[in-house]
Amino acid sequence: MHTFTRTFVGAAGAAALSAGLFAGVAGAAPSGSIADSPVGFGAFVLTSGTDAAGLICSPDVGTHPDPAQACDSIRQAGGNFDALPRDAHVLCPMIYMPTPARAIGVWVDTGGPRIVDYSHTYGNGCVANAASGGVFGF
């Protein structure tokens, strides 16, 4: 797990953070152009509870413990974090420990590039992992 000191950057800081992240990885697209990026290209800063991870899709890399699974889940949802697949095979304890999760970044698919700023509070870390197809499982 990656632990960090929680700071609140606000909307402007989050936008700057995601823009900086994407600028640093734009070269990961084969031609370096957003318009020519492969379907399902994304760059995100993810937080879950007090942990954070970086995730780049296509190629699937980052500090996330399972970038391939996380990117597959995001691709399956078409970049829509509200539609992430739930892992029905995971049983989570019924212990309420609110776990805020957030994804900030850019997603590019056939509809073009779009900014992602998703946040949701899950019942606990296990639920965050299962309900997001592993995206917030770190």
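In this text, all values refer to a predicted model and were calculated from it rather than measured experimentally.
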Closest non-hydrogen atom pair, [X] against [Y]:
{"X": "Val127", "Y": "Asn124", "value": "N-OD1, 2.9 Å"}
{"X": "Ser73", "Y": "Gly133", "value": "OG-O, 2.7 Å"}
{"X": "Cys57", "Y": "Ile74", "value": "SG-CD1, 4.4 Å"}
{"X": "Asn129", "Y": "Gly137", "value": "OD1-CA, 3.3 Å"}
{"X": "Ser58", "Y": "Asp60", "value": "N-OD1, 2.9 Å"}
{"X": "Leu46", "Y": "Phe81", "value": "CD2-CE2, 4.4 Å"}

Check for a donor-acceptor pair, side chain of [X] on one end and backbone N or O of [Y] on the other, with a separation under 3.5 Å.
{"X": "Thr99", "Y": "Met97", "value": "yes"}
{"X": "Asp117", "Y": "Gly105", "value": "no"}
{"X": "His64", "Y": "Cys71", "value": "no"}
{"X": "Ser132", "Y": "Phe136", "value": "yes"}

Residue of the set Ile104, Val135, Ile56, Val116 for which side chain to side chain contact (heavy atoms under 4.5 Å, CB included) holds with Phe44 =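 So, applying the side chain to side chain contact (heavy atoms under 4.5 Å, CB included) to Phe44 and each of Ile104, Val135, Ile56, Val116, only Val116 qualifies.
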When you compare the side chain of [Y] with that of [X], does any pair of heavy atoms fall below 4.5 Å?
{"X": "Phe41", "Y": "Arg75", "answer": "no"}
{"X": "Val90", "Y": "Cys126", "answer": "yes"}
{"X": "Pro113", "Y": "Trp107", "answer": "no"}

Which residue pairs pass the side chain to side chain donor-acceptor pair (under 3.5 Å) test when at least one of the two sits in residues 78-96, sequence neighbours left out?
->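 Of all non-adjacent pairs touching residues 78-96, none passes side chain to side chain donor-acceptor pair (under 3.5 Å).
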Is Asp109 paired with Arg114 through a side-chain N to carboxylate O contact shorter than 4.0 Å?
->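 Asp109 and Arg114: salt-bridged.
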